[in-house]
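The block underneath contains the structure these notes are about, expressed in structure tokens.
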Amino acid sequence: MRIRGGISFVGLIYILIGIFVAWDHDYITTGLIKRVVSALLAIFLWILILLGVDLHLS
């Protein structure tokens, strides 16, 4: 018997509805998204930070 990994279609719909509800009730804002994207860029492109590149999004 094979066990399938990953997320199901129902799970994906559940997450998308949760994101919409959180956005609608101001738990997720554009400022939060910018900070998260800046942090992810800093994590994955850390060598550029050491070279003096600014990865903050305006």
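The two residues Ile33 and Trp23 make their nearest non-hydrogen contact at CD1-CZ3, 3.2 Å. Of all non-hydrogen atoms in Thr29 and Asp26, the two that sit nearest each other are CG2-O, 4.0 Å.
For the side-chain contact (heavy atoms from CB on, under 4.5 Å) with Ile17, the lone residue among Ile19, Ile15, Ile13 that qualifies is Ile13.
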Going by atom type alone, with no hydrogens or angles, which donor-acceptor pairs under 3.5 Å involve a side-chain atom of residues 37-55 and a protein atom two or more places apart or on another chain?
from	atom 1	to	atom 2	distance (Å)
Ser38	OG	Lys34	O	3.1
Ser38	OG	Leu57	N	3.2
Asp54	OD1	His56	N	3.2
Asp54	OD1	His56	ND1	2.7

